[in-house]
Amino acid sequence: MNKNTHSVQSQHPFMMAFFWQRALLVSLAAAVSVYADMKLDCGTDFVTLVWTEGRSRADTSLFRLGNCFPTSFSATEAVFSVDFDDCDFRRIVTGDRMMFTNDLTYSSDSTPLSFSHPVVCAYERPEDWYPRLYAPIFNTYGLGDLEFHFGLMNADFSGPAESTSFPLGSFIPIMASVAQESHQPLLLFLQECVAATTPELQPESTLYPIIANEGCLVDSLVSRSKFEPRQKSSELHLSLQAFRFGLGEEVFIHCKLMAWDPNSLDNTKKACHYVKEHGWEQLDNSASRYLCACCESDCKSRRVRSLASGKRGMAQQAVLGPLTITDVNY
């Protein structure tokens, strides 16, 4: 096959388009250009990815698709043949599209070469597919034995939102939760959130930061946005004041959800919002507001460790939307 041409090889009636990609990736750490070919074959419930190195120093055994090692590799090629249930694939359903997304990553302790490349399989949404909770307000994500939920709520958080349209300046009630039947009680956090006008994040995407620095609601610095008092440790309620970003367009909120051992918190596991004339406040314990001290500097992150291996927590990427912010005066 000519690698400079795009081809479509559908194995599923819902398949959209997949193709050979000529990828030019730049390692920020080493400013090294990496030339490679990626072949992506999306099946009904699996994906085969072949990454072929051209002229770089990469060790192909160090490539990862999500949390999966290569199925096979050679000196110049890394091959992944995996199911969508494996490797921490994320399922996103918006409108008439269903997408499975992941990241192909590379890092090495022996060289400064590293990068991350998005992997996306997109399909038409099957007519008989519905999320477990009220659509399109909620999205549900499974990770191991945990099940994360991310959704729009009504004003008092007692049920799903009746509309996905919000006037500028009004509050957008958002709930994140984790079902944890077989685990010790976990605290649910929103580690990072950005708003975008696309259901998937691209390098050229324009973003509006909402939560940053490992749990700091930075939007509260310029608005009345706030975390609401917890009703359950496994839930987090966010009252987000509707902003001007993406006004009148479809807006998607991309977040990193974290379920963590409440007895092992630090400044990377927190829910902080800014209160005018009082400064940063910690949602779960006002006495631990010191955890928020880094919100306007840099909160050092630590590697997330798996509960499955007897460790402290799990993280899950999630997308909410589309929603629309309107200006009645416009």
Answer yes or no for Cys193 and Cys255: SG-SG distance under 2.5 Å.
yes
SG-SG under 2.5 Å, Cys272 vs Cys216
no
Write out all pairs satisfying salt bridge (Lys or Arg N to Asp or Glu O under 4.0 Å) with one or both partners inside residues 217-226, taking only residues at least two apart or from two chains.
none
Min side-chain heavy-atom separation [X]-[Y] under 4.5 Å:
| X | Y | answer |
| --- | --- | --- |
| Val47 | Asp41 | no |
| Phe69 | Arg64 | yes |
| Asn213 | Asp298 | yes |
| Leu62 | Thr60 | no |
| Asp103 | Val119 | no |

Any salt bridge between Asp261 and Lys269, counting N to O under 4.0 Å?
no
Indicate yes or no for a side-chain donor-acceptor contact from Lys256 to the backbone of Leu190 under 3.5 Å, with no hydrogens or angles considered.
no
Looking at the rings of Phe243 and Tyr208, which for Trp means the six-membered one, are their centres under 6.0 Å apart?
yes
Is the ring pair Phe84/Tyr123 parallel, tilted or perpendicular, if the boundaries are 30 and 60 degrees?
perpendicular
Pair Asn102-Val120, side chain to side chain contact (heavy atoms under 4.5 Å, CB included): steps then yes or no
CA-CA 7 Å; Asn102 213 324; Val120 180; over 6 Å; no
Walk me through whether Phe150 and Val319 qualify under side chain to side chain contact (heavy atoms under 4.5 Å, CB included).
CA-CA 8 Å; Phe150 192 36; Val319 182; over 6 Å; no
Restricting to non-hydrogen atoms, name the atom on [X] and the atom on [Y] that form the minimum distance, rounded to 0.1 Å.
| X | Y | answer |
| --- | --- | --- |
| Trp280 | Cys292 | CB-CB, 3.6 Å |
| Val251 | Ala195 | CG1-CB, 4.0 Å |
| Lys276 | Ser220 | NZ-O, 2.9 Å |
| Pro173 | Phe157 | CB-CZ, 3.6 Å |
| Leu283 | Pro229 | CD1-CA, 4.0 Å |
| Leu201 | Ala196 | CD2-CB, 3.8 Å |

Might you confirm whether atom CD of Glu277 has over 12 heavy atoms from other residues, nucleotides or ligands at distances under 6.0 Å?
no
Step by step, would you call Met314 with Met258 a side chain to side chain contact (heavy atoms under 4.5 Å, CB included)?
CA-CA 6 Å; Met314 283 187 177; Met258 174 77 75; over 6 Å; no
Using the side chain to side chain donor-acceptor pair (under 3.5 Å) rule, take Thr76 and Glu53 through it: C-alpha gap first, then chi angles, then the decisive distance, then the call.
CA-CA 5 Å; Thr76 59; Glu53 284 295 318; over 6 Å; no
Is it true that the side chains of Ser165 and Ser163 contain a donor and an acceptor less than 3.5 Å apart?
no
Residues passing the salt bridge (Lys or Arg N to Asp or Glu O under 4.0 Å) test with Glu281, sequence neighbours excluded, are Arg289
Taking the six-membered ring of Phe100, is the NZ or CZ of Arg90 close enough (under 6.0 Å from the centre) and on axis enough (within 45°)?
no
Output, in order, the C-alpha distance, side-chain angles, deciding distance and verdict of side chain to side chain contact (heavy atoms under 4.5 Å, CB included) for Trp260 and Phe189.
CA-CA 8 Å; Trp260 200 259; Phe189 297 101; 4.2 Å; yes
